[in-house]
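Every chain is numbered from 1, with letters handed out A, B, ... down the list of sequences.
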Amino acid sequence: MNVFLQNLIPLIIALIGAMIWLAFNALILVYCERKFAGHIQRRPGPFEVGPHGILQPLIDGVKLMGKQLVRPDNADPVLYWLAPILSMLPVLLLYMPIPYGPVLTGMEVNLGLLLILAFSSFNGLAVILAGWASNNKWGVLGAARAVSQTVAYEIPLLLTVLTISFMTGTLNLTEITALQAGHIGHWFIWKQPLAFLVFLIAMFGETNRAPFDLAEAESELTAGFHTEYSSMGFGLFFMAEYGYMVVMCSLCTVLFLGGFHGPIPGVEGWWWMLAKTYGLLFVMIWARWTFPRVRFDQLLNINWKWLLPLATFNLLATALIIKL
Amino acid sequence: MSAYQNLEQMKGDFYTQKFEAGKQDGTLIINLGPQHPSTHGVLRVVVEVDGEYIVRAEPVLGYLHRMHEKMGETQTWGGYIPNMGRVDYGHAMAWNWAYVGAVEKLMGIEVPERAEYLRVIMTEFNRLTSHLLWWGAYILDLGAFTPILYAFEDREMILDILQRPTASRLTYSNFRVGGVQMDMDDKCIELIKAFIPHFRERLPMYRDLVTDNLILRRRIEGVGIMDQDMCRRYGCTGPVVRGAGIPYDLRKDEPYSVYDRFDFDIPTQDSACSAGRYHVRLDEMEQSMRIIEQALEQLDSAEGGHIIKKAPKPAMKPPVGEAYFAVEGGRGKIGVYVVSDGTKVPYRVKLRAPGFSNLSAFAEAATGTILADAIAILGSLDLIIPEIDR
């Protein structure tokens, strides 16, 4: 077997694994979100389909797929259908370099961090295409907002990630995780609390989650960029959003919370990674059902006037300390 | 060009064409509504935006026109009462009161004292439900879904109370010319006494949970200034005018019924912005509870104890003449003007809806703000579309 095939087969297996993981996460998160919202809002949440409503996400999926795919008049057919696919596909690649457990990494890449940052920008592109190709003014407004939001929030995100790679001297996520082995004191959150905070806030902006869900603000823009999408067109955007949420929370876990390492020495495993990632995801869900939505200029102000200077200061301080 | 060709040109949407005539270069004309989630029904607002900034805005009515005034001229005097609940589903009681008040004035009917107290209690409860519905919906407009469910929880408790004397939960029509249809039973009084301390605990929780939230404050403070001069020019009333610092409230200024017997305040705010209107409504809920408590205390000492003056005949015929009666509704001054020609059907019914005047000020207040602010302003006016588009 030649080298190409030797590399290809594990990659395909990893991709299939990522697909299953993505679909599984979307199902679980939809359920969690609704259940969690139910508790916050003092209502039962899904309770009808299956015990405690656990089959609800499956039924939702079936319902969503059963709906008619509609394209508005004069919408660009190619771009219109390309957008949801483009939104969904890169998410699969994002899962590849994340070390979920000691032996559970899709693909060992030296530039894993860079790969995630590069491919996560695709979502912005997909959103712009969707909004533009929809032939809908609300869609265009949503797309315009999405551009400025994605561009804005990617910069502090990148700067905080850079601090970690300055400290560790690597862009390989497995190595970054390995450096946090041992006990809870080794996690980078203690060395980089400011970076963690900035990352956490930028994560909300980057994944378009409330209170930063300005691109799809339903009360202002009816639904923003996906106003015209029905059935699985919308479903793919929806899955991609959950996909990005999981990726960002996994990345945050790997960078700041010790990845798959437990809080005491010798305890490690994929379940730690999962617990921490889901802990962060619950923070995102909690924020969504608690806070009102910020205004768009306020959203950009938070980024340009607070997050960016803070992240830059943090990066410079880190560089200075390392140099000294 | 013939008139026919002119008509051909005007085909399509008249309002959009008229609005587009003044369009600037590089702007976008968009429709907020009639199906937009934040227009609370079927209001349409044509907006010209330059990026996110609003250059012009124009509310367009007519998508919910149900001819309430015309219907008043086709039904009997008594038969028209249920229509009033449909005009404003938020504060149906006040509309009922304004109409029966006008007819009573026309016929010179005195209402029994107990009925007056019952009217006050029910109308104030209905004001509470109206403000609760607004509060939840307003926060929903600003992007938070949870508070409306909390508001509905309390609103349901009030609806349980109101259901007993009125037998309905939304579009009430239990006021009759000369009194009210049914009295409050012991269970109803029991529910009221349980509700008031409960709600006194809930109001501070609303403040902690929502009012003091930094995101919400940044969204509403200083947004949508409608100052005293502007309110006067457009004839705004209710929380809008009180939010601008004018303590105008019919319950104090032109006391009707037994309102002069209660000790309560008219909350005002000087900021004239959306936050001012927001705080006025929250404070009004406290005042409504004070009124209810006092009315409940005085209810048993009311003279006579009967709730309706000799029930008028189904086909009553008021004497020839005209009458106008106004009450303070949840959204402002509700006025009903009736003209009788001595038959069993009104000759003319004219409704003065506060929401219509309040909405008129929107175009001016929204100009120059950004799209998200327009939603915050629209929500702060507490619009009920059937009332505006009657």
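- For the atom pair CD of B:Glu52 and CG of A:Leu141, the computed distance is 6.0 Å after rounding to the nearest 0.5 Å.
- No more than 12 heavy atoms of other residues, nucleotides or ligands lie within 6.0 Å of CZ in B:Phe356, so this atom counts as exposed by the packing criterion.
- Taking each heavy atom of A:Trp138 and B:Asn31 in turn, the nearest pair found is CZ2-O, 3.0 Å.
- Contact record, B:Leu149 with A:Gln41: CD1-OE1, 3.2 Å, taken as the closest heavy-atom pair.
- With a threshold of 4.5 angstrom between heavy atoms, A:Arg43 approaches chain B through side-chain atoms but not through N, CA, C or O.
- Residue B:Val47: no heavy atom, backbone or side chain, is found under 4.5 Å from chain A.
- Both the backbone and the side chain of B:Phe145 come within less than 4.5 Å of a heavy atom in chain A.
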Original post:
Between B:Asn213 and A:Thr290, does a side-chain contact (heavy atoms from CB on, under 4.5 Å) hold up when you go through it step by step?
Top reply: CA-CA 10 Å; B:Asn213 183 300; A:Thr290 310; 5.8 Å; no
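- When A:Gln298, A:Arg288, A:Arg42 are compared by the number of non-hydrogen pairs under 4.5 Å with chain B, A:Arg42 comes out ahead.
- Evaluation of the side chain to side chain donor-acceptor pair (under 3.5 Å) rule for B:Asp382 yields B:Arg331 as partners, not counting sequence neighbours.
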**OP:** Please test B:Ile370 against A:Arg295 for side-chain contact (heavy atoms from CB on, under 4.5 Å), starting from the C-alpha separation and ending with a verdict.
**Re:** CA-CA 9 Å; B:Ile370 62 173; A:Arg295 217 167 56 198; 3.7 Å; yes
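- Annotation: the span from B:Ile215 atom CD1 to A:Phe212 atom CZ amounts to 7.0 Å, rounded to 0.5 Å.
- Contact count versus chain A (heavy atoms, under 4.5 Å) is highest, among B:Ala374, B:Gly143, B:Ala376, for B:Gly143.
- Proximity to chain A is absent for every atom of B:Ile148, based on heavy atoms less than 4.5 angstrom apart.
- For B:Leu216, the parts lying under 4.5 angstrom from a heavy atom of chain A are both the backbone and the side chain.
- Applying a 4.5 Å heavy-atom cutoff, none of the residues of residues 270-283 of chain B approach chain A.
- Put simply, the side chain of A:Lys137 never gets that close to the backbone of B:Leu28: no donor and acceptor are under 3.5 Å apart.
- How far CZ of A:Arg293 is from CZ of B:Arg219: 8.0 Å, rounded to the nearest 0.5 Å.
- No more than 12 heavy atoms of other residues, nucleotides or ligands sit less than 6.0 Å from atom CZ of B:Arg218.
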